[in-house]
Amino acid sequence: METSGVGLLAGAILGMLVLYQILLIVTRRRRFVKVVDALPGPKPHMVFGNVPDLMVAPNKLFEAWDERHRKNATLFRTWIGPYAEINLKEPEQVEAILSSSKHITKSNAYRFLQPWLGTGLLTSTGHKWHTHRKMITPTFHFKILEAFHDVFVEKCEILARKLARVADGKTEFDMYPFITHCTLDIICETAMGVRINAQDSTEKRSDYVSAIYEVSELTLKRAQRPWLFPNFTWALTDMGKRYKHCLSILHGFTNKVIRERKEVREGQRGQQEQHSQEDDLGRKKRTAFLDLLLDAREAGAQLSDEDLREEVDTFMFEGHDTTTAGLCWAVFLLGSHPHIQDTAAEELEHIFQGSDRAPTVRDLQEMKYLERVIKETLRLFPSVPFIGRKLFQDVDFGGYKVPAGCMINIPIYHIHRNPKQWPSPHAFDPDNFLPNRVAERHPYSYVPFSAGPRNCIGQKFALMEEKTVLSYILRYYKIQAVETMEDLTLMIDLILRPESGIKVRLEPRTPLS
Ligand code: HEM
């Protein structure tokens with residue numbers, strides 16, 4: 001009897017503790033909702049929040065998203081089901097988040113990338129991110145990027161020759177596949193040391209390349225459908241099954257490359273230096289990011305095979321679609337602004353003096369106007385149109401009190417068109433990047449590569465690559481855009497791209513030797 005009395009008492013205490021915890025959670029949640037709802041923002045649906053506003057056909061998503069941002073003049077909140085998202089408006093607000101080493105955790109949306117990228121540099125946080133960032137930063141040192149320049153040149157020579165077949169001044173064609181294949185060749189060789197020859201049209205598009213496209217498409221479809229957020233429901237759908245199949249191709253490919261690379265390195269130990277510098281066909285072997293990571297591991301860095309795969313997959317994801325989009329938008333803008341194109345071509349003529357020699361790293365540094373073209377392109381059409389963070393501490397954005405637990409959305413596209421910072425926000429004007437104009441603006445009014453501790457580690461690589469590709473196109477061809485801005489439909493499927501590619505006509509400028 002006595003024992004059951006103690007049991008009852010213990011049960012009652014436990015029950016009260018549970019009740020207390022529930023009350024605490026409910027009270028905190030109510031307080032959180034109250035604070036968030038006090039912020040300006042569109043009226044949410046009771047269950048789905050503001051998600052239904054963006055549940056539109058993929059080619060209408062950009063328009064709906066853009067309209068939402070244009071309608072709200074100040075910082076505003078939206079609800080993604082139960083999650084509160086705060087959309088920033090001003091560069092000071094962007095600075096408060098990006099410059100801080102406290103707000104380095106990505107928002108929930110990034111977890112949709114995790115099945116593919118695991119917790120590589122883009123998606124990880126805390127200790128893992130800190131140690132990996134420190135370890136990987138030296139692999140983007142300028143000296144190492146210089147070594148990749150040979151790869152850029154080799155792939156661009158192929159691009160220029162491929163374009164010669166359609167460059168008759170009359171034929172209209174889509175530039176997108178030409179550039180995608182070129183940047184894919186570049187990233188596969190620089191990240192993994194693998195030649196996939198995507199530019200060789202006689203080769204069937206590899207399963208790996210097809211899987212990259214499909215995974216990006218499926219990830220976006222999932223992000224638009226809240227009922228597919230849980231892994232359980234996602235796995236049951238045809239899309240989820242297709243996604244799983246693509247992942248097995250992607251991971252299988254990267255794992256195979258890592259395995260083979262390790263075997264080659266093992267085999268080379270003890271062999272003559274001469275041999276280790278050549279590939280199977282006797283060509284000069286180039287060091288890839290993967291080799292640098294393997295070197296770091298041999299020097300004692302803590303990197304498991306899975307860590308290697310995650311980082312290589314992250315480079316593949318971040319390092320090719322982004323540059324492709326940036327390049328295609330630059331082609332479109334140059335093809336729509338003949339005066340600007342002429343100025344860029346004159347600069348190249350001045351550097352190369354009619355010669356058809358390959359550009360050196362030094363030449364790239366001299367392409368100051370082309371650099372401004374690239375920067376202005378990334379302002380109008382940032383390849384990554386928005387980024388997100390999760391708050392673990394309250395933040396006061398100049399009077400807007402945002403509690404911990406909120407997601408922060410930084411709409412780079414809209415920050416770059418803020419009329420307070422950019423007098424003609426929608427006009428294409430490379431002179432926006434003349435030093436005196438840059439000095440007049442808030443430093444966080446232009447953040448195509450993000451900024452602060454979690455900025456893009458590949459930005460110098462991207463700039464070098466874009467300059468090389470564009471200089472090849474402009475040296476040999478005159479670009480005419482076939483469509484105007486009004487004809488294009490923008491898509492935000494992870495990156496910002498035109499729905500039906502970039503249609504152009506090319507006219508030969510200088511014959512290829
Ligand atoms: C025009 C080209 C590119 C643009 C516009 C771009 C943009 C960005 C942005 C906005 C971020 C921040 C993402 C976030 O906070 O969620 C980022 C991060 C990153 N980017 Fe890029 N990127 C480009 C090219 C590249 C290239 C070529 C590489 C690698 C070869 C690369 C590798 C990365 C990595 C690894 C991160 C994560 C860094 C970290 O969190 O520590 N990116 N990029």
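Residues: numbered from 1 along the sequence shown. Start at 1 and go down the list; that is how both ligands and their atoms are numbered.
With S99 contributing its side chain and E95 its backbone, the two residues share a donor-acceptor pair below 3.5 Å. Listed for the E310 side chain is a donor-acceptor partner under 3.5 Å among the backbone atoms of T119.
Judged purely by distance below 3.5 Å, without hydrogens or angles, the side chains of T125 and T105 pair a donor atom with an acceptor atom. A side-chain donor from one of T484 and D487 sits under 3.5 Å from a side-chain acceptor of the other. There is a side-chain donor-acceptor pair under 3.5 Å between T183 and T324.
Contacts between R389 and ligand 1, counted as non-hydrogen atom pairs separated by less than 4.0 Å, involve the side chain only. Residue contacts with ligand 1, taken as heavy atom pairs separated by less than 4.0 Å, involve S450 via backbone and side-chain atoms alike. Residue V447 does not touch ligand 1, judged by heavy-atom distances below 4.0 Å. Under 4.0 angstrom from ligand 1, the non-hydrogen atoms of I387 all belong to its side chain. Residue-level proximity to ligand 1 for E465 is absent, since no heavy atom of it falls below 4.0 angstrom.
Among all protein heavy atoms, the one lying closest to atom 5 (C) of ligand 1 is P448 O, 3.6 Å. Residue, atom and distance of the protein heavy atom nearest to atom 14 (C) of ligand 1 are K106 NZ, 3.3 Å. The nearest heavy-atom contact from the protein to atom 21 (Fe) of ligand 1 is C456 SG, 2.3 Å. Closest to atom 26 (C) of ligand 1 among all protein heavy atoms lies G319 CA, 3.6 Å. Nearest protein neighbour of atom 16 (O) of ligand 1, counting heavy atoms only, is Y110 OH, 2.5 Å. The protein non-hydrogen atom at the shortest distance from atom 34 (C) of ligand 1 is I457 CG2, 3.8 Å. For atom 23 (C) of ligand 1, the closest non-hydrogen atom of the protein is T322 OG1, 3.6 Å.
Of the candidates E311, M316, R454, it is R454 that places a heavy atom closest to atom 40 (O) of ligand 1. Heavy-atom proximity to atom 6 (C) of ligand 1, evaluated over F461, F449, F289, is greatest for F449. For the residues E466, K460, H132, the heavy atom positioned nearest atom 1 (C) of ligand 1 is part of E466. The residue from M464, R133, H130 that puts a heavy atom closest to atom 41 (O) of ligand 1 is R133.
The shortest N or O to N or O distance between G388 and ligand 1 is not below 3.5 Å.
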Q) Given D291 and R265, is the salt bridge (charged side-chain N to carboxylate O under 4.0 Å, His left out) satisfied, shown in steps? A) CA-CA 9 Å; D291 290 301; R265 287 165 71 98; 3.4 Å; yes
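Contact atoms of ligand 1 toward W129: 39 (C), 40 (O), 41 (O) (distance under 4.0 Å to a heavy atom of the residue). Each of the atoms 38 (C) of ligand 1 lies under 4.0 Å from some heavy atom of N455.
By the 30° and 60° cut-offs, the orientation of the rings of Y446 relative to H416 is parallel. Between W329 and F381, the two ring planes are parallel [angle under 30°; tilted spans 30° to 60°]. Taking the six-membered ring where tryptophan is involved, the planes of F253 and Y208 are essentially parallel, since the angle between them stays under 30° and well short of 60°. Ring geometry, H69 versus H414: the interplanar angle falls under 30°, so the pair is classed parallel (tilted spans 30 to 60°). W65 and F386 have tilted rings, their planes meeting at an angle from 30° to 60° on a 0 to 90° scale.
Under the 4.0 Å criterion applied to side-chain N and carboxylate O atoms, D313 and R309 are assigned as salt-bridge partners. A salt bridge links D307 with K128: the closest approach of a Lys/Arg side-chain nitrogen to an acidic carboxylate oxygen falls below 4.0 angstrom.
Not close to ligand 1: G326, with no non-hydrogen atom less than 4.0 angstrom away.
Its N, O or S atom nearest to atom 21 (Fe) of ligand 1 is what matters here, and for E318 that atom is OE1.
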